[in-house]
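Quick notes on the structure that follows.
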Amino acid sequence: MTGPSERFLDDFERHGSTLGTWEKFVALVREHPDALPSLVEGGLRRRLSGARFLGDAVSYLPASAVAALAELAVRLHVPEQKRSTGREMRSASEEVLWRVALQFPRLLHPWLTELFEQEVGFDEYYGVHPWRESGERHHAYLLNVVRSSGSGKRAARALECLLETRTPAAFRAVERHEHLLMHGNARLRHWARIEWHLPGVGYERARGRSARAGSGWARSAAASLLARLPHPGKEPWRRLYPEASYHLGFPEDYLPQHGAGWRDHPTFHLDSEGAVPARLGGAGAAECGVCGRRAHHLLTLDPVPAGLGVTSVPALALETCLHCIWDNSELWWKHDRAGRPTPHPRQDGDPDHGMERVPLRETTVRLVPTPARWYWQDARNERENLTRLGGYPTWIQSAGYPSCPDCQKTMPFLFQLDAVCPGEGAGTFGDGGEIFDDRGEPFGGGGQTFGDGILYTYWCDACRVSVSVPQGT
């Protein structure tokens with residue numbers, strides 16, 4: 001007699017991915033969670049393609065079951081089965097390894113060189129994720145790839161993997177090889193420059209001393225050299241995201257339940273004895289510096305949790321203007337010593353294009369310390385809870401860190417709000433609520449807040465300046 005996982009796989013092999021595949025998968029998760037390890041193993045052994053549910057299933061596996069399946073995915077991966085035409089043709093092994101690389105990167109460290117040589121995820125940026133937390137163990141291998149691969153894509157990918165280890169040794173190695181790589185290799189001229197890579201891994205090179213006046217080439221060379229030297233007593237590399245991370249835990253029935261299983265993901269149900277409450281949503285206290293309308297409250301931290309890089313205020317109220325944010329891209333706020341915001345005096349923009357938006361529905365959330373399994377996330381995993389405080393951001397587009405208008409220093413990331421929260425007054429259809437189509441995608445309803453994307457907030461602690469910047473799909 002076949003079990004539920006075998007029946008599910010048989011049905012997928014007969015009919016492929018259909019509109020009902022996700023609903024059937026959610027039913028399997030809810031009714032037969034013990035069948036998920038055999039589902040993943042069976043999908044790997046059958047060498048399925050386009051079976052995205054295999055990657056989704058990893059998120060619901062007990063941690064104890066992941067290591068054996070990760071090893072199986074590595075052993076069964078065949079490079080010739082790779083598809084470069086998109087997600088719908090991705091092999092079963094890549095689906096599984098992608099999620100393992102995010103949730104348990106250390107499990108893949110024994111096979112990093114093998115994964116690189118087999119080109120696992122070679123055509124996708126997530127191919128570098130397994131190198132996270134791997135330290136310096138494979139630096140020599142990656143540098144050898146860079147030196148021996150000429151002007152090919154392989155050398156550029158090796159540099160990305162090297163920097164993804166996020167170690168000072170990796171950054172120093174790229175610095176040492178900048179000159180060698182940039183000359184005589186046109187393709188790597190930009191890839192070799194560490195400044196092109198550092199923001200993508202959440203770092204920047206510390207600013208050095210100014211070069212003394214000189215003439216021509218000597219002054220230029222001195223400036224280039226001194227720019228690489230850190231200030232005495234300071235680290236040469238500055239991290240642009242907090243080490244601490246907190247997921248926002250929403251009250252039951254707060255988020256719209258659109259689409260089958262969209263709120264079943266474990267990241268929506270995190271809890272901890274260390275969780276603390278915080279106020280989310282509602283009307284803001286400040287006025288928008290662009291349109292003059294009342295701002296919208298995002299999140300108040302009172303007190304501010306430890307490890308976020310917010311030390312100059314005892315509490316912090318984050319606000320933005322949902323009327324204007326999508327048309328003006330950046331909205332700046334100056335905070336007083338109590339952490340309360342007012343429009344930054346240098347804010348400018350066009351007030352004529354801001355659409356009317358309601359505030360987020362006010363509620364109390366729980367700030368839950370992020371478990372290690374969910375520290376690294378990907379914005380394409382739209383079924384996960386991506387609303388979080390601190391940690392490494394999940395970029396929809398490319399990584400970007402604005403400069404503070406007061407001190408001109410790069411502002412570290414602080415908070416991201418996924419576009420899932422309902423607006424004030426959002427209820428059922430016909431009641432000013434958000435309207436969703438049969439795939440769970442939002443139409444433009446009265447309860448919709450700021451569109452389909454993520455709103456990022458950055459903080460300059462020295463100047464008490466915050467800025468909100470949106471990215472959309």
Side-chain angles (χ1 to χ4, degrees), residues 1-77 87-104 107-108 247 249-250 252-253 255-272 368 371-374 377-378 380-386 420 436 438-441:
M1 176 179 291
T2 59
S5 62
E6 289 78 12
R7 291 193 295 271
F8 185 98
L9 295 171
D10 290 343
D11 183 71
F12 181 82
E13 284 195 302
R14 284 194 299 268
H15 305 292
S17 182
T18 67
L19 292 176
T21 300
W22 173 250
E23 286 76 9
K24 293 176 182 176
F25 172 73
V26 171
L28 185 69
V29 171
R30 292 173 177 171
E31 300 168 12
H32 304 284
D34 293 342
L36 293 178
S38 61
L39 176 77
V40 176
E41 181 178 353
L44 287 169
R45 295 193 182 280
R46 298 187 192 203
R47 301 184 185 276
L48 300 179
S49 293
R52 186 182 177 186
F53 59 84
L54 293 176
D56 292 322
V58 172
S59 297
Y60 298 91
L61 292 174
S64 58
V66 177
L69 293 171
E71 181 174 2
L72 180 64
V74 173
R75 298 306 181 200
L76 293 180
H77 181 73
R87 175 181 292 174
E88 67 278 1
M89 296 304 293
R90 194 178 295 153
S91 69
S93 55
E94 285 190 314
E95 287 286 359
V96 171
L97 291 172
W98 171 31
R99 301 304 179 92
V100 173
L102 285 170
Q103 298 175 30
F104 302 97
L107 292 180
L108 299 180
H247 267 76
F250 298 97
E252 188 176 356
D253 299 329
L255 298 176
Q257 294 294 323
H258 61 282
W262 274 62
R263 303 293 178 248
D264 283 0
H265 195 275
T267 49
F268 283 103
H269 305 282
L270 300 175
D271 206 353
S272 168
V368 184
R373 182 172 187 171
W374 306 112
Q377 289 184 279
D378 190 302
R380 291 170 301 168
N381 296 336
E382 69 274 8
R383 298 185 180 104
E384 296 183 10
N385 179 7
L386 299 177
V420 296
F436 300 92
D438 56 3
R439 296 174 302 163
E441 298 295 331

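We use all heavy atoms of the structure for the numbers below, so side chains are in, but hydrogens, waters and symmetry mates are not.
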Query raised in the report: Hey, what do you get for CG (L270) to CZ (F250), rounding to the nearest 0.5 Å?
Result: 11.5 Å
Query - Salt-bridge contact R99-D378 (side-chain N to carboxylate O under 4.0 Å) - result: no
Query raised in the report: Please walk me through it: do L255 and N385 pass side chain to side chain contact (heavy atoms under 4.5 Å, CB included)?
Result: CA-CA 11 Å; L255 298 176; N385 179 7; over 6 Å; no
Report task. Quick one: closest heavy-atom pair of P37 and A65, and the distance? Result -> CG-CB, 4.4 Å
Query - H247 (side chain) donor-acceptor with H269 (main chain) under 3.5 angstrom - result: no
Report task. Indicate the atoms forming the closest heavy-atom contact of A73 with V96, along with that distance. Result -> CB-CG1, 4.1 Å
Requested in this report: Taking only Lys NZ, Arg NE, NH1 and NH2, and the carboxylate oxygens of Asp or Glu, determine whether R373 and E384 approach each other closer than 4.0 Å.
Outcome: no
Report summary line: Nearest heavy-atom approach of T267 to W374 is CG2-CD2, 3.5 Å
Report summary line: Minimal heavy-atom distance between L69 and L44, with the atoms involved, is O-CD1, 3.8 Å
Report task. With rounding to the nearest 0.5 Å, note down the distance linking CG in L9 to CG in L54. Result -> 7.0 Å
Requested in this report: Give a yes or no answer on whether the side chain of E71 reaches the backbone of A68 with a donor-acceptor pair at less than 3.5 Å.
Outcome: no
Requested in this report: Would you mind checking if R46 and D10 are paired as a salt bridge, meaning a charged N to carboxylate O distance below 4.0 Å?
Outcome: yes
